[in-house]
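Read through the structure below, which is laid out as structure tokens, and then see the notes.
Numbered from 1 within each chain, the chains take letters A, B, ... in sequence-line order. If you're wondering where the values come from, they're calculated on a predicted model, not measured in any experiment.
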There are 2 protein chains.
Amino acid sequence: MRVVRTEMRARRTPDLTVPQFRALAFVRRHRGASLSEAADHIGLTPPSMSKLMDGLVARGLVTREGHARDRRRVTLALTRRGRGTLRAASAATRAQLAARLAALPSAERATVAAAMRALRAVFAPDPAGGGAASE
Amino acid sequence: MRVVRTEMRARRTPDLTVPQFRALAFVRRHRGASLSEAADHIGLTPPSMSKLMDGLVARGLVTREGHARDRRRVTLALTRRGRGTLRAASAATRAQLAARLAALPSAERATVAAAMRALRAVFAPDPAGGGAASE
DNA sequence: AGTTAACTATTAGATAAGCTAACTATAACC
DNA sequence: GGTTATAGTTAGCTTATCTAATAGTTAACT
């Protein structure tokens, strides 16, 4: 995963930091989620998530609106631009990782995939982030 | 690796951040290294490494002395306390990871180990960090 | 109904990690 | 000996985190 981060940092295409990427991915997967929900799932405190969202809202990637019934809450969603940015970042990262992994013989790629499944079972991270690691 | 980081953060025993841990590990492995060497190996710019070392020197974990022949350079070394702190952090992290991995059947642990070897070959990280992952 | 308790989000203020640009001091080169 | 390159630091910026404190809302319980 260190390498994943490194690759993501190298990919300057849409210029998202790792926490920004994670937050966008969470919002994509949970449209209309609240700030606390995002903080919980990603493992940040609410103030941290609040500030993170400040930046994403300021960049026009996320909308933050008041909840209809519970006026304490906030409703998060991706903008069209947010979806595009996330998709581009995801594709770029995936491509770079795939390029690295392509250097492995396919038997070893299979071993890596099996290890990932085993580790996911033990650490049970949110299936959002690492899902669909087909290549 | 994300999980490694999380575990390390959770381990509050000697209270080292991940970059601090990495810097200490580098200095342990390369006694008398210069600042630039440390920055290069860890993948930071010299100013970042300089500031990181500021903190470690202030905490009495690292010594930073002038080089005998080349007075531009700086010579880094661990103090006794630095060695102890690093050892404690390393042991705590390792123990927590081992506890998690112990939940896996041994065949799957072997798969994980094989995957790590394969990935190391592709990404070729500094052998200092991930070495000796026996358990 | 009215007060208290719980919850949601933000602000304030701190530390740490990073970067680039600019500077200082020293060594190397010709 | 004067120019060029190298090593490290300082200055100033952004982002990521945290805890503590605050404000506004809703729920809960007399």
With side-chain contact (heavy atoms from CB on, under 4.5 Å) as the test, would you mind laying out the steps for A:R22 and A:L52 before giving the verdict? CA-CA 11 Å; A:R22 295 223 284 154; A:L52 185 50; over 6 Å; no
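When the side-chain hydrogen bond (donor to acceptor under 3.5 Å, both in side chains) test is applied to A:T63, no partner is found at least two apart in sequence or on another chain. Applying the salt bridge (charged side-chain N to carboxylate O under 4.0 Å, His left out) criterion to A:E37, with sequence neighbours excluded, gives A:R73. The side chain to side chain contact (heavy atoms under 4.5 Å, CB included) check on A:T75 picks up A:H67, with sequence neighbours excluded. Applying the salt bridge (charged side-chain N to carboxylate O under 4.0 Å, His left out) criterion to B:R72, with sequence neighbours excluded, gives B:D70. For B:R64, the salt bridge (charged side-chain N to carboxylate O under 4.0 Å, His left out) test picks out B:D54, with sequence neighbours left out. Scanning for side chain to side chain contact (heavy atoms under 4.5 Å, CB included) contacts around A:A114 gives A:R117, B:T111, with sequence neighbours left out. In this structure, the side chain to side chain contact (heavy atoms under 4.5 Å, CB included) partners of A:V27, at least two apart in sequence or on a different chain, are A:M53, A:L76, A:L78.
Taking atom CG on A:D54 and atom C1' on D:dT17, their separation rounds to 14 Å, with Å as the unit. Atom-to-atom, CZ of A:R73 to P of D:dA27 comes out at 11 Å; the value is rounded to the nearest Å. In this structure, CG of A:L16 is placed 10 Å from P of D:dA16, rounded to the nearest angstrom. Atom CG of B:D15 is separated from atom P of D:dC18 by 14 Å (rounded to the nearest Å). A:L56 places its CG atom 16 Å from the P atom of D:dT14, with the value rounded to the nearest Å. Remark: C1' of D:dT17 and CE of A:M53 are 15 Å apart, rounded to the nearest angstrom.
An OP1 or OP2 oxygen of C:dT11 is reached within less than 4.0 angstrom by no side-chain nitrogen or oxygen of A:S50. Between A:T45 and D:dC18 there is a side-chain polar atom (N or O) within less than 4.0 angstrom of OP1 or OP2.
B:S36 comes within contact range of the sugar-phosphate backbone alone, with a heavy-atom separation under 4.0 Å but no base atom that close.
Residues B:Q96 and B:T93 have side chains that never bring a donor and an acceptor to within less than 3.5 angstrom of each other.
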Output a table of nitrogen or oxygen pairs between the protein and nucleotides 12-16 of chain C separated by less than 3.5 Å.
none

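Contacts of residues 63-72 of chain B with DNA chain C (heavy atom under 4.0 Å): B:R69, B:D70, B:R71, B:R72.
Mapping A:G43 and B:L35 onto DNA chain D via the closest heavy atom, the residue that lands nearer the 5' end is B:L35.
Among the nucleotides D:dT17, D:dG8, C:dA9, the one closest to the side chain of A:L44 is D:dT17.
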